[in-house]
Each structure stands twice: as C-alpha cells, then as structure tokens.
Colleague: 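Below is a structure I'd like to ask you about.
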Amino acid sequence: MSTRIAFLKGHGTENDFVIVPDPGNAIDLPPAAVAALCDRRAGVGGDGVLHVVRSAAHPEAREMAAEAEWFMDYRNGDGSVAEMCGNGVRVFARYLQRAGHVAEGDLAVATRGGVKTVHIAKDGDVTVGMGKALLPEGEVTVSVGERSWPARNVNMGNPHAVAFVDDLAHAGDLLAPPPFSPPTAYPDGVNVEFVIDRAPGHVAMRVHERGSGETRSCGTGACAVAVAAARRDGADPAVTGAPATYTVDLPGGTLVITERPDGEIEMTGPAVIVAEGEIDTEWLENAAL
C-alpha cells in the first residue's frame, strides 16, 4: 500500500460521501477506518464511503462483472455495509465520468442490491434505475416520543418504513433510530421516512438512515416515499396503467421519482464532486485499530 490514498468528496442533494478509488480492491477498509473517514471533525466527513472497485476484483461482485464493470462497495457512516444507496449511485457515476471511465449516456453499476442502470444527462442530472419495490405484508408502526404512526413497509433493496405525518418536526431530532414494531419486521434495522404533503404529486420528507442518523437526503428513501404515496393516493401504476411521478423535497434538495406500470422506478437528481485530495495511510491504519 502506498503512503497516501487518493480520495474525493461528493454529494447528491447534500447526501455526502467520501469516494475512495480502488480499481483492484487493494485497500482494506474495516468498519473503524470507514467510521474515521466519515467523522466530520477528525476525518474527511461524510454520510458514507463509496469504495470504487472493478466488479471482477471484488468477491461480492464478480458474478455481476459481465453486466457492470464497476462495483459500488458502499459503507454507512458507522462502517456497516449497506445493500444500496440511491444518492450514492449518482455520485458514483459522476466520479466515473470525471475519472474518464465513462461518458455521458448509459452505464451499469453493480451494487449489493443488484445491477443498477444509470443515465448521465447533458444537463448534469443523473437518472438511476432503482429496480422494483417490494411491499412486504404486515402492519408496521414507528414511534417518536409519545407519538406513533402506521408505516408502509417498502423494500428498495434495503428496508424502509414510510410514515405520513402532519408536521416534519414530529420526527424529533432523528439522532437515534425511531422505535418500530413488530421487531420482526426489520431484523437488520430500517431506514425511517417521515413525510408531509405539499401539493398533489409533491411531498417533503425527513429520514433516519440506519447506521448514519438523520441525513440531508436518501435516494432509496425518496423512492420508497413515492411508492408509498402512490399506493395511498390510489395511483399504483400497475393498477392505473399510467406512470406515477412524485417530486420529493429533502433537506438537501429535490429528487424526481417515477414508477412505471411495469414496476420499474427511476430517480433523477444532481450529483456533484466538490473536492479531491489524499489520505495519510498511517492515520487510516491507526484509525482502524
């Protein structure tokens, strides 16, 4: 390993990431090292780490290498591994474009949630094919303090509980994971979205991302919110035969989510690289101890 490791910093609607290019999967990133990188005072700072690896070089992605050259080895801010991150995929694609690995147009990105199709538009926005939502059966409830709400269980490759509320302030500080029931609904934890209506087809949300706390944005969460809103509004595309599009406002910006009659979901929004530099290897190794 060299004495310094290259990194970049990027964000998608202010969901921010430390990007670590590592085509050959040569850099060891244990949970403690990831958490140190994401520390906003003692590290670089971010909601998570985008470890950029060629699919063929990573044991979890080799089977996807024929479909997607690059694997997004995503880690939450606490160092835990995550299946998917919608904002992360957009920023991941923007990095690949910046590095000259891809151009404007279509590409495929391997993730633990499967291969995702991505389109980099000339206007700078990035659209990600997020796949289809799964809607597990069973009632779920989420709570903050003395308030509780029924929540829609939506799985976007990672689990979500979507609660419609009267006021986003009712979500509290979202520092700790909001309690949910039954416990068996989410054995590995859950991302919790609190949602209000702004206009027909237009909602706003706050989110607690498992492993990261409240974040400025969550792409899979915005998709889950749009799916839940469409079902609540009687606009299920599989029933109506027409796409359902929702504008979703998050603290860090706006995403546009479209669910097609075949169930496929597309998410469109910005992705920005803001800085690049080098990490001291000795510091990272010590942080991992």
Side-chain angles (χ1 to χ4, degrees), residues 7-20 34-35 37-52 72 74-80 82 84-98 109 111 116 118 120-121 123-128 130 156 158 160 162 168-169 171-178 191-196 198 202-226 246-257 265-277:
F7 80 94
L8 298 90
K9 179 73 182 288
H11 77 91
T13 50
E14 297 184 11
N15 196 187
D16 61 336
F17 310 96
V18 181
I19 304 161
V20 180
V34 171
L37 286 172
C38 292
D39 190 302
R40 297 192 181 278
R41 289 184 171 84
V44 177
D47 293 321
V49 167
L50 301 176
H51 185 208
V52 184
M72 185 181 77
Y74 181 67
R75 318 293 183 86
N76 293 314
D78 65 354
S80 59
M84 243 296 285
C85 176
N87 287 318
V89 174
R90 295 202 320 279
V91 175
F92 189 93
R94 177 69 75 224
Y95 162 74
L96 293 178
Q97 181 189 33
R98 179 188 178 102
V109 174
T111 77
K116 304 302 177 184
V118 180
I120 303 174
D123 66 4
D125 276 351
V126 179
T127 297
V128 179
M130 300 291 287
M156 287 298 309
N158 56 359
H160 296 268
V162 181
L168 290 180
D173 59 24
L174 290 183
L175 295 176
N191 305 287
V192 183
E193 288 80 25
F194 297 88
V195 189
I196 61 168
R198 288 203 160 150
H202 189 174
V203 297
M205 62 175 275
R206 290 175 62 199
V207 58
H208 175 95
E209 288 196 63
R210 59 176 180 169
S212 297
E214 181 173 16
T215 58
R216 300 284 293 171
S217 181
C218 175
T220 55
C223 293
V225 164
Y246 282 82
T247 297
V248 182
D249 294 337
L250 305 106
T254 297
L255 297 170
V256 176
I257 313 298
I265 298 169
E266 293 182 339
M267 174 186 63
T268 299
V272 182
I273 304 296
V274 299
E276 58 183 307

Colleague: If you look at every heavy atom in Gly86 and Val128, which pair is closest and at what distance?
Modeller: O-CG2, 4.5 Å
Colleague: Tell me, do Glu209 and Asp47 make a side-chain contact under 4.5 Å, heavy atoms counted?
Modeller: no
Colleague: Kindly determine whether Tyr95 and Leu50 satisfy side-chain contact (heavy atoms from CB on, under 4.5 Å), including the steps that lead there.
Modeller: CA-CA 10 Å; Tyr95 162 74; Leu50 301 176; over 6 Å; no
Colleague: Would you call Cys38 and Val49 a side-chain contact if the rule is heavy atoms closer than 4.5 Å?
Modeller: yes
Colleague: So how far is it from Glu214 CD to Arg206 CZ, rounded to the nearest 0.5 Å?
Modeller: 4.0 Å
Colleague: Atom CG of Leu255 and atom CG of Asn87: how far apart are they, to the nearest 0.5 Å?
Modeller: 5.5 Å
Colleague: With no hydrogens and no angle check, is any side-chain donor or acceptor of Arg210 less than 3.5 Å from a backbone partner on Asn191?
Modeller: no
Colleague: Determine whether Phe194 and Leu174 make a side-chain contact, defined as any pair of heavy atoms from C-beta on separated by less than 4.5 Å.
Modeller: yes
Colleague: In Å, rounded to the nearest 0.5 Å, how long is the span from SG of Cys223 to NE2 of His160?
Modeller: 8.0 Å
Colleague: Is it true that a side-chain atom of Asp123 and a backbone atom of Asp125 form a donor plus acceptor pair closer than 3.5 Å?
Modeller: yes
Colleague: Going by side-chain contact (heavy atoms from CB on, under 4.5 Å), name the residues that satisfy it together with Phe7, two or more places apart in sequence or in a different chain.
Modeller: Val18, Val44, Ile279
Colleague: Decide side-chain contact (heavy atoms from CB on, under 4.5 Å) for Tyr74 and Phe17; before the verdict, give the C-alpha distance in whole Å, the side-chain angles of both, and the deciding distance to 0.1 Å.
Modeller: CA-CA 10 Å; Tyr74 181 67; Phe17 310 96; 3.6 Å; yes
Colleague: Can you see which heavy atom on Ser217 is nearest to which on Thr13, and at what distance?
Modeller: OG-OG1, 2.6 Å
Colleague: Side chains of Arg98 and Leu8: does their closest heavy-atom pair fall under 4.5 Å?
Modeller: yes
Colleague: State, to 0.1 Å, how close Val126 and Ala93 come at their nearest heavy-atom pair, and which atoms those are.
Modeller: CG1-CB, 4.5 Å
Colleague: State, yes or no, whether a side-chain contact exists between Met267 and Val89 at a heavy-atom distance under 4.5 Å.
Modeller: no
Colleague: Of all residues at least two apart in sequence or in a different chain, which pass the side-chain contact (heavy atoms from CB on, under 4.5 Å) check with Glu266?
Modeller: Thr127, Arg260
Colleague: Which residues pass the side-chain contact (heavy atoms from CB on, under 4.5 Å) test with Ala35, not counting sequence neighbours?
Modeller: none
Colleague: Run the salt bridge (charged side-chain N to carboxylate O under 4.0 Å, His left out) test against Asp16 and tell me which residues pass, sequence neighbours left out.
Modeller: Lys9, Arg40
Colleague: Ala176: what forms a side-chain contact (heavy atoms from CB on, under 4.5 Å) with it, not counting sequence neighbours?
Modeller: none
Colleague: Answer whether the closest heavy-atom distance between the side chains of Met205 and Leu250 falls below 4.5 Å.
Modeller: yes
Colleague: Shortest non-hydrogen contact from Thr254 to Thr247?
Modeller: CG2-CG2, 3.4 Å
Colleague: Give me the one residue out of Val91, Asn158, Thr220, Asn15 that meets side chain to side chain contact (heavy atoms under 4.5 Å, CB included) with Cys85.
Modeller: Asn15
Colleague: The test is side-chain contact (heavy atoms from CB on, under 4.5 Å); show your working for Leu96 and Val118 and say whether it passes.
Modeller: CA-CA 12 Å; Leu96 293 178; Val118 180; over 6 Å; no
Colleague: Among pairs that include at least one residue of residues 87-97, which meet salt bridge (charged side-chain N to carboxylate O under 4.0 Å, His left out), considering only residues two or more places apart or in two chains?
Modeller: none
Colleague: Once you round to the nearest 0.5 Å, how far does CZ of Arg75 lie from OG of Ser212?
Modeller: 13.0 Å
Colleague: How far does NE2 of His208 sit from CD of Glu193, to the nearest 0.5 angstrom?
Modeller: 10.5 Å
Colleague: State the NZ-CE distance between Lys116 and Met84, to the nearest 0.5 angstrom.
Modeller: 5.0 Å
